[in-house]
Enquirer: 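Dumping the structure here so I can ask a few things about it.
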Amino acid sequence: MALTLYNTLTRRKEPFAPLNPPYVGMYVCGPTVYGDPHLGHARAAITFDVLYRYLTFLGYKVRYVRNITDVGHLEGDADEGEDKVLKRARLEKVEPIEIAQRYTALYHKAMDALNVLRPSIEPTATGHIPQQIAMIKQILERGYAYEVNGSVYLDVERYRQDFPYGILSGRNVEELLAGSRELEGQAEKRHPWDFALWKRAEPTHLMQWDSPWGRGYPGWHIECSAMSTHYLGVPFDIHGGGLDLVFPHHEAEIAQAHACYGEAAQYQARFWIHNNLVTIEGQKMSKSLGNFITIEEVFSGRHPKLSRGYPPMALRFLVLQAHYRSTLDFSEEALGAAYRAYLRLMNAYRRLGKVRPHMYSTFPVEAWREKVFAHLNDDLNTAAALALFFEQVDDILKLYRGEAFLTVEDLEKLRQTWREVLFDIMGLLPPQQVEWERWERLVNTLVQLRRQARSEKNFPLADFLRDELQRAGVKLLDFPDETLWEMQE
RNA sequence: GGCGACGUGGCCGAGCGGUUAGGCACGGGUCUGCAAAACCCUUUACGGGAGUUCGAAUCUCCCCGUCGCCUCCA
C-alpha cells in the first residue's frame with residue numbers, strides 16, 4: 001500500500017509519486033522572523049517534519065527546503081503599511097538583521113527542542129534578492145506584469161487570459177472583486193487584485209536593494225516562488241504550509257510561477273499540502289486576538305492559561321494525536337492528557353526492551369505492523385497509528401510477565417516497529433532521563449529494599465520508600481512475585 | 001455576501017455503509033498490610049429533521065450551531 005496525500009489543488013487524496021524518483025523536492029513556508037515562535041509554528045513544523053521523516057524512511061532522497069522570511073511581508077492592509085521586521089527593528093531601535101537573527105535563533109531553539117529536523121536548505125529572503133529580481137524580470141518580459149513608479153505588479157487580468165487564477169483556493173476573481181475593499185494607496189495598481197512583485201523604497205526605508213526599477217524591496221509572495229524554484233526546479237513535488245497561506249500567498253505563488261515559466265510550471269508543485277490551525281478555546285490563535293501562546297511559554301508554564309510547564313514531547317505528542325488537517329484545540333487539559341499518554345507509551349517501550357523471546361508467538365506482529373503503516377499511508381494519520389500502539393501497551397506487560405509470547409523474530413520486528421514509527425517517523429524522543437543506567441540501578445536498589453521491608457512487615461519504612469520514590473517520579477507496580485516501576489515525570 | 005471546514009460519550013480525538021478506535025478523567029469489584037498497578041465489570045456517543053439502504057456517525061437534502069479564508073499570519 002502506497003502513501004496517499006490530500007492535495008489541496010485537487011481536493012482529493014492522491015497516491016504520492018515523485019516526479020524524478022528517488023528524489024523528492026519539498027518546499028515549506030517557514031516563519032516570518034519578527035516574534036517568538038508559537039504553537040502554530042510548532043504544529044506546522046511538526047506536521048512537515050513527520051512528512052519529511054516518513055518520505056526519507058520510505059527510501060526517497062528528499063531535498064527539504066524551508067525558508068526564513070526576513071523581509072517583505074507588510075503589516076496591515078494592502079500595499080501600504082510597514083514591513084513587520086522593520087517595524088520591530090524600529091521599535092527596538094536595532095538593525096532589521098538583528099531582529100531576524102534573534103528570532104531565527106529562537107525558532108531554531110524551539111524546533112530543536114521539539115526534535116524537528118533541520119531542513120536540507122534554509123534560505124532567507126534577503127539572501128535571494130537576485131533570484132527574485134530575475135524572476136520578476138522574466139515575468140515582465142513575458143507581459144504578465146507592469147511597472148509603475150519603480151514598483152512592479154502582477155497583472156492578474158492579463159494572467160487570467162492565459163491561466164486560471166484561483167484554482168487552489170477555489171474562488172474566482174469576480175468574487176474577489178466583489179469582496180475586496182477599496183483601499184488607500186492602491187492608485188498605482190490597474191486592478192485591486194493585482195499584487196506587488198517589487199516595491200519602490202523611500203529613502204528612509206531601512207532595507208532596500210538596487211533593481212532595474214530603482215531602489216526597492218521585493219513583494220511578499222515572490223520570495224517563495226523564487227527560492228523554491230531556484231532550489232527545486234519547476235514543477236517540484238510538494239509545497240506545504242499552513243492553511244491560512246492558501247490565499248493569497250500560495251495562489252500568488254502559482255500565478256508567479258506560471259507567469260515566469262509558462263505552462264511548464266504546472267501549478268509550481270504537484271502536491272499542495274496544508275496543515276490546519278491551532279485554536280485556543282475554539283478561536284483561532286492570533287496576535288490580534290491576544291490569545292497566542294509561544295512554545296517557550298508551554299515549556300516554562302509562564303502563561304495565564306497554564307499552571308505548570310510541560311516538556312517538549314508533551315506538545316509534540318499532542319500535535320501527533322490529531323490529524324494534521326483537523327483543527328487542534330489547545331488547552332492545558334489536552335496537553336496534560338497528551339503528556340501522560342506519551343509517558344505511558346514510553347514506559348511500555350522501555351519494558352518491551354526487557355521481554356524475553358519464546359518458542360512461539362501468541363500475537364500477530366506482522367499484521368499489526370501492516371495496520372500501523374496503512375494508517376501512516378492514509379494521508380499521514382498519526383492519530384490512528386498511535387492508537388494501535390496504545391492497544392499494545394497491555395500486551396507488552398503480558399509479554400514481560402510471561403503471560404503472552406513472541407518468537408525472537410517477532411519480538412525483534414515488534415521492537416523495530418516501535419523504534420521506526422515512534423522515534424524515526426513520528427520524531428518522538430524518550431523522556432529526558434538523567435543517566436538512565438545509573439538511575440535505574442539506584443531505583444532497583446530502593447525497590448528491593450522496600451520489598452524486603454514489606455516482607456519483614458516493616459510497613460512504615462516500606463511506605464516511606466514508596467512515597468519518596470513517588471516524589472522522584474517513580475511509580476511502583478506491585479505484583480505478588482515482583483515489583484515493577486515506571487517513570488511518571 | 002463568496003469559498004471552505006467542522007459539529008462524536010466528562011474532556012481530547014480516530015472513523016469514509018455492517019465487529020469495542022484510542023488517550024485522559026470517573027464509578028464499582030477482585031487483589032493488596034494500605035495503596036498503586038493488573039484483572040473483571042459498569043458507562044456505550046455520534047447537533048436536529050427527512051430520505052436512500054437489509055443496515056448510516058459514515059451517503060443525499062433541509063435546518064441549527066461553531067470555526068477558518070476572502071488583510072499579515074503556521
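Heavy-atom basis, side chains included; hydrogens, waters and symmetry copies ignored. Residue numbers start from 1 in every chain, and the chains themselves are labelled A, B, ... in the order their sequence lines are given, proteins ahead of strands.
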Enquirer: Would you say Lys13(A) places a side-chain N or O within less than 4.0 Å of OP1 or OP2 belonging to C16(B)?
Expert: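 Checking C16(B) against Lys13(A), no side-chain N or O comes under 4.0 Å of OP1 or OP2.
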
Enquirer: Nearest to the side chain of Phe247(A) - C70(B), A14(B), A36(B)?
Expert: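 Given the options C70(B), A14(B), A36(B), the side chain of Phe247(A) is closest to C70(B).
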
Enquirer: Side-chain N or O of Asn276(A) versus OP1/OP2 of G4(B): is the shortest distance under 4.0 Å?
Expert: no

Enquirer: Which listed nucleotide (A74(B), C72(B), G33(B)) is nearest to the side chain of Pro248(A)?
Expert: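 So the side chain of Pro248(A) is nearest to C72(B).
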
Enquirer: Less than 3.5 Å between a donor and an acceptor, one on the side chain of Arg325(A) and one on the base of C6(B), is that the case here?
Expert: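 Not at all, since no donor on one side and acceptor on the other fall under 3.5 Å apart.
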
Enquirer: Parallel under 30°, tilted from 30 to 60°, perpendicular over 60°: which one fits the rings of Phe317(A) and Tyr342(A)?
Expert: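 Geometry flag for Tyr342(A) against Phe317(A): tilted rings.
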
Enquirer: So what does His274(A) hit on the nucleic acid, given a heavy-atom distance under 4.0 Å: a base, only sugar-phosphate, or nothing?
Expert: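 Counting heavy atoms under 4.0 Å across all strands, no contact is made by His274(A).
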
Enquirer: Rounded to the nearest Å, what distance is computed from the OH atom of residue Tyr6(A) to the P atom of nucleotide A5(B)?
Expert: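 To the nearest whole Å, that distance equals 7 Å.
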
Enquirer: Quick one, give me the B/S/- string for nucleotides 19-30 of chain B, reading 5' to 3', where B means a protein heavy atom under 4.0 Å from the base and S means that only happens at the primed atoms, P, OP1 or OP2.
Expert: --BSSSS-----

Enquirer: Which value, rounded to the nearest 0.5 Å, describes the distance between Trp272(A) atom CH2 and Leu9(A) atom CG?
Expert: 8.0 Å

Enquirer: If you check the Arg450(A) side chain, which of G33(B), G13(B), C70(B) turns out closest?
Expert: G33(B)

Enquirer: Looking at C11(B), I'd like to know if its phosphate oxygens (OP1 or OP2) sit under 4.0 Å from a side-chain N or O belonging to Ser331(A).
Expert: no

Enquirer: Taking only the P atom of each, what is the distance from G1(B) to U20(B) in whole angstrom?
Expert: 44 Å

Enquirer: From G33(B), A14(B), C73(B), pick the nucleotide closest to the side chain of Asp244(A)?
Expert: C73(B)

Enquirer: Nearest whole Å is fine: how far is U8(B) C1' from His323(A) NE2?
Expert: 17 Å

Enquirer: Mind checking if Gly40(A) touches a base, just sugar-phosphate, or nothing, with heavy atoms under 4.0 Å?
Expert: base

Enquirer: Is it the case that Asn67(A) and Glu223(A) place a side-chain donor and acceptor less than 3.5 Å from each other?
Expert: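 Yes.
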
Enquirer: What is the nucleic acid contact for Thr279(A), judged by heavy atoms within less than 4.0 Å: base, sugar-phosphate only, or nothing?
Expert: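 Here Thr279(A) touches no strand at all.
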
Enquirer: For A74(B), take OP1 and OP2 only and decide whether either is under 4.0 Å from a side-chain N or O of Thr32(A).
Expert: yes

Enquirer: Expressed as a whole number of angstroms, how long is the span from Leu243(A):CG to A74(B):P?
Expert: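 Nearest whole value for this atom pair: 13 Å.
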
